[in-house]
Amino acid sequence: MSEESTEESADAADAALTDLVAYLDGELSESDTDSIEHRLVEDAGLRDEADRLDRAWKMLDSIDEVSASKEFTARTLASMQATSIDATLSKPSVPRTQTIPGQSNSLVSLAFWAITGFLVSMLGLEISQRQADRRQDETTVRILKNINFLRQVPKYRTVQDVESLQRLLEDSEEAGP
Amino acid sequence: MLQVAGGNDHAFTELVLRYQDRLVGFFFHLMHDRTVAEDLAQDVFLRIYRARERYEPTARFSTWLFRIAHNLASNHKRGISRRREVSFHTPADDTLRPEEELLAEKSALMPTRRLDANEMQEVVRNALDDLGERQKMAVVLHKFEGMSYQDIGEIMGLGTVAVKSLLSRARCKLRDSLEKFL
């Protein structure tokens, strides 16, 4: 037999074997299945081959199946939750504004800081105003407390000694407005 | 999976419960290490969770799941081969491993001795391990996951004809390895 025909025979044998395995796996078309079954009826060698292939395949059933451990589900779900938290934390808290092509976010930043500065200065003014108002209030209270005394100031100019003036002030405060 | 994509985390829990045993089993057949199998299975679920918003039901979910699993298994094996400096086991090597040597001795003393279940399991595992990586993957997907040639092709990125050829060679090799036990 020439080399070519030997090679062709080998290829044909390989093809037959490939079809036989596909037949055993139920993967052949209907027409190819019919063809193989026809050959199996006629060819004892092919039947023997099919039997050995089938028995070797079934020996794989002796391998024990392994299933997930009891902790697997909890561990996997915990990892999923950690992934979920990481994803939430990595998202920017302020939504990104859409930018018009050609412009950057610097205008937005500038506006933000300008408004912030204005608000801070307004707050400072408010605080100092309130402090001033509080001082004014205190002054008003003192004035009202000593209104009687103050009304008599022109007359008190004639009083020469300090002790007498002090006594007059105390009397005025007790008397009230 | 569509519910998961919509943000339903309870649906994801359901998915994990439904597929965890299959995934762990799949990786265990390939890696023979439970810890590695569970780590890889967990990695698959995390990748699915992270990609959930981009999920589109163009193929069956299980096909997508096992495609990810197949890629992870291949990457893991590639990583192991790079780290291995001295190979203690070469599938093509004719040298017997210790357990096979022991079995051969026992068989030589008692040729008709039947192997017990554990020994048989060991023999069959070794025969599976002696297959090439792609042959083994195809066998595991077909035998233990019940996948069709078309599904296997989608998972492994092969045409149906290539899968048919791959499985044919794998089954012939298995037959040869297990010949004396048939």
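Just so it is clear: chains get the letters A, B, ... in the order the sequence lines come, proteins before strands, and each one is counted from 1.
Taking all atoms of both residues into account, the shortest heavy-atom contact from B/Q42 to A/S79 is NE2-OG, 3.0 Å.
Interface remark: of the candidates B/K143, B/E179, B/H29, B/R169, B/K143 forms the most heavy-atom pairs closer than 4.5 Å to chain A. Counting heavy-atom pairs under 4.5 Å between each of A/V21, A/L24, A/D61, A/D54 and chain B puts A/V21 at the top. Each of B/D43, B/V16, B/V139, B/L167 has some count of heavy-atom pairs under 4.5 Å with chain A, and the biggest count is that of B/V139. Between chain B and the options A/L20, A/D64, A/L17, heavy-atom pairs under 4.5 Å are most frequent for A/D64. Counting heavy-atom pairs closer than 4.5 Å to chain B, the top residue among A/V66, A/L77, A/D14 is A/V66. Here B/D21 is the residue among B/L17, B/L178, B/D21 with the most heavy-atom pairs under 4.5 Å with chain A.
In this structure, no portion of B/R22 lies under 4.5 Å from any heavy atom of chain A. When heavy atoms are compared at a cutoff of 4.5 Å, B/L128 approaches chain A solely by way of its side chain, counted from C-beta outward. Interface remark: B/Y149 contributes backbone and side-chain atoms alike to the contact with chain A (heavy atom separation under 4.5 Å). For B/R34, the part lying under 4.5 angstrom from a heavy atom of chain A is the side chain only. For A/E49, the part lying under 4.5 angstrom from a heavy atom of chain B is the side chain only. Both the backbone and the side chain of B/A41 come within contact range of chain A, judged by heavy atoms closer than 4.5 Å. Contact annotation for B/L182: both backbone and side-chain heavy atoms come within less than 4.5 Å of a heavy atom of chain A.
Remark: A/E65 CD to B/F28 CZ distance equals 10.5 Å, nearest 0.5 Å. Here A/F72 contributes atom CZ and B/D39 contributes atom CG; the two are 9.0 Å apart, rounded to the nearest 0.5 Å.
In this structure, the side chains of A/W57 and B/H142 come closer than 4.5 Å at one or more pairs of heavy atoms. Side-chain contact between B/L174 and A/L60: present, with at least one pair of heavy atoms (C-beta onward) separated by less than 4.5 Å. In this structure the side chain of B/F45 never reaches within 4.5 angstrom of the side chain of A/M80, judged on heavy atoms. Within the 4.5 Å cutoff, the side chain of B/V24 has no heavy atoms near those of the A/S67 side chain.
A/D25 has no carboxylate O lying under 4.0 Å from a charged side-chain N of B/K164, or vice versa, which leaves the two without a salt bridge.
Between the side chains of B/Q20 and A/T73, at least one donor-acceptor pair of N or O atoms lies under 3.5 Å.
Summarising the local packing, CD of A/E42 is surrounded by more than 12 heavy atoms from other residues, nucleotides or ligands at distances under 6.0 Å. Counted within 6.0 Å of CZ on B/R67, heavy atoms from surrounding residues, nucleotides or ligands total more than 12; the atom is thus considered enclosed. Within 6.0 Å of the CD atom in B/Q150, the count of heavy atoms belonging to other residues, nucleotides or ligands does not exceed 12. Within a 6.0 Å radius of CZ in B/R125, more than 12 heavy atoms belonging to other residues, nucleotides or ligands are found.
The only option from A/R55, A/M59, A/R52 that meets the side-chain contact (heavy atoms from CB on, under 4.5 Å) definition with B/R175 turns out to be A/R52.
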- Applying side-chain contact (heavy atoms from CB on, under 4.5 Å), run through A/R75 and B/E38 and close with a yes or a no. CA-CA 10 Å; A/R75 232 179 23 242; B/E38 291 205 348; 2.7 Å; yes
